[in-house]
There are 2 protein chains.
Amino acid sequence: MIPLTDACAAQAKPNVACSHCNLRELCLPVGIPDDELQRLDGMVATRRSVRRGHTLFRHGDPFEAVYAVRTGFFKTRITPEDGRDQVTGFQMAGELLGLDGIGNDHHACDAVALEDSQVCVIPYSQLTQLSREFPGLQRQFHKIMSREIVRDHGVMLLLGSMRAEERLAVFLLNLSQRLKARGFSPSSLVLRMTREEIGTYLGLKLETVSRCFSKFQEDGVLAVRQRQIDVLDPEALQRLVNNAHG
Amino acid sequence: MIPLTDACAAQAKPNVACSHCNLRELCLPVGIPDDELQRLDGMVATRRSVRRGHTLFRHGDPFEAVYAVRTGFFKTRITPEDGRDQVTGFQMAGELLGLDGIGNDHHACDAVALEDSQVCVIPYSQLTQLSREFPGLQRQFHKIMSREIVRDHGVMLLLGSMRAEERLAVFLLNLSQRLKARGFSPSSLVLRMTREEIGTYLGLKLETVSRCFSKFQEDGVLAVRQRQIDVLDPEALQRLVNNAHG
DNA sequence: CGTCTTATTGAAGTGTCTCAAAACGGGTGG
DNA sequence: CCACCCGTTTTGAGACACTTCAATAAGACG
């Protein structure tokens, strides 16, 4: 095996070390044994802070690294010339950003911080190099890309065949489940995005999103106070998704 | 470097060798130099034929390989329990199928042949093994997955913000461009799928798809004879996509 | 040649959008 | 601390694109 001089050197900066990161069970190092993990600490070159409203990268930027969200919250969006705007996803702690850039060496979307955030910068050259040495890392990276594809197909189903209320229900259940996986309450959520951003993600106008929230509140499914959402009846949300009129 | 006894042995079956395949410039081996390519011939374990209407794999099948379309035409679809059905893509020669399965070791969608087809079976274990030895292959594989993500985001834009005619225009232009890349006429296409399958892909009902075809014919943009489509005015199609009322 | 799938076309229905106005809340400066 | 401003959210009424339902036509296939 190749001596990992670079990785060993990186251990001198424990603050960017995957092996000491409390997100490692949600992030790229999933499934990599502890002893190997220490030799992976050189993977993260540095951290980078992005203030609310600022971009981590933009459409057209040369692709050099992928990013793992450490703290904060992002949206990704594509913005064709004609003024349209599609939010393609929301990313929270442990999730990867920038995979879209690998395909042709330039980023294909914008990544915008919805609150002050911090990311781990993982240079793609490092990632490929280390993937060759650590099959577990290679595997996990492939899994993350594959799951992104599967997730996107789920969104296509949502956009292609669901009505407004079902879309919002799916969105809220997904958010709830991801918060739960991070140790937060699945029933009390604070939305980081505006109604318009939700709408642009779900293929709806902001007024429609707002109306759906109101409807859910009338029906006793949610308590809505601005961006503070309490899920009162998660089963009702789930039923809404399952009992759709195919 | 590890001696590639397996790959060398595979050269005994030239019929499944990437190095002799006329699709190699469109498929996984893109960008791999000729001398390396010969040592990659062990990547394809075998070929497999799939008759029209039959599935290459189904949702839930254990994931073992990805597939490169050699001849024929496929659709992929996800089928939730509730009877809904979303076509997530159409695949033609040189394109990869099965990437959805990497994420959790089982396929997440069905792949259905729309005509009698043949695929190259690329065992995932081979692919990962060879990726470690051939950085060019690793890179190309990443690119293919990344482009699939970018493509899906484009479909999300389509489903989230375009009207019926724009969706069909995007669909036809995409098909046209892919046919052109394979040496076929970009203006004379024979659709392999029904109006319903197009509709399920584009988030429209089959009647709407049919009406759009009729409209395009009235406007002199297309000549439509069943599944034989002639693009009379490609610029008009392009304008329809660009001049959308964002 | 008959049957079944696929495609076309029409008329009525409905979900979402558009346009518009008002309420709310967070931040800033007086 | 209050007044003000501006972005966000809510709510209503009317318009419109697409769907639904239904009937017919055209091909494909045995």
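Convention: sequence-line order gives letters A, B, ...; per-chain numbering from 1.
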Measure from [atom1] on [X] to [atom2] on [N] and round the result to the nearest Å.
{"X": "Q226(B)", "N": "dC29(D)", "atom1": "CD", "atom2": "P", "value": "12 Å"}
{"X": "R52(A)", "N": "dG7(D)", "atom1": "CZ", "atom2": "P", "value": "13 Å"}
{"X": "R84(A)", "N": "dC17(C)", "atom1": "CZ", "atom2": "P", "value": "14 Å"}
{"X": "Q228(A)", "N": "dG25(C)", "atom1": "CD", "atom2": "C1'", "value": "15 Å"}
{"X": "I229(B)", "N": "dA7(C)", "atom1": "CD1", "atom2": "P", "value": "10 Å"}
{"X": "K205(A)", "N": "dA17(D)", "atom1": "NZ", "atom2": "P", "value": "14 Å"}
{"X": "M193(B)", "N": "dA28(D)", "atom1": "CE", "atom2": "P", "value": "17 Å"}
{"X": "L168(B)", "N": "dA17(D)", "atom1": "CG", "atom2": "P", "value": "17 Å"}

It should be established whether [X] places a side-chain nitrogen or oxygen under 4.0 Å from OP1 or OP2 of nucleotide [N].
{"X": "R195(B)", "N": "dT8(C)", "result": "yes"}
{"X": "R227(B)", "N": "dA7(C)", "result": "yes"}
{"X": "S214(A)", "N": "dT11(D)", "result": "yes"}

> Closest to the T194(B) side chain: dA17(D), dT16(C), dA7(C)?
Replying inline: dA7(C)

Students often get this wrong, so: under 4.0 angstrom with heavy atoms, is [X] touching a base, only sugar-phosphate, or nothing?
{"X": "L206(B)", "value": "base"}
{"X": "R167(B)", "value": "nothing"}
{"X": "E207(A)", "value": "base"}
{"X": "S210(A)", "value": "base"}
{"X": "G203(A)", "value": "sugar-phosphate"}
{"X": "R211(A)", "value": "base"}
{"X": "T208(B)", "value": "base"}

> Are R211(B) and E165(B) within salt-bridge range, i.e. N to O under 4.0 Å?
Replying inline: no

> Between E115(B) and R52(B), is there a salt bridge with N-O shorter than 4.0 Å?
Replying inline: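 Not counted as a salt bridge, because no side-chain N and carboxylate O are separated by less than 4.0 Å.
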
> Parallel, tilted or perpendicular: which describes the rings of F57(A) and Y67(A), with under 30° parallel and over 60° perpendicular?
Replying inline: parallel

>> Assess, by modelled atom type and distance only, whether the side chains of T71(A) and S117(A) contain a donor and an acceptor separated by less than 3.5 Å.
In response: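 Distance-only check fails for T71(A) and S117(A).
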
> Is there a donor in the side chain of S161(A) and an acceptor in the side chain of E166(A), or the other way round, less than 3.5 Å apart?
Replying inline: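 No donor-acceptor contact under 3.5 Å links the two side chains.
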
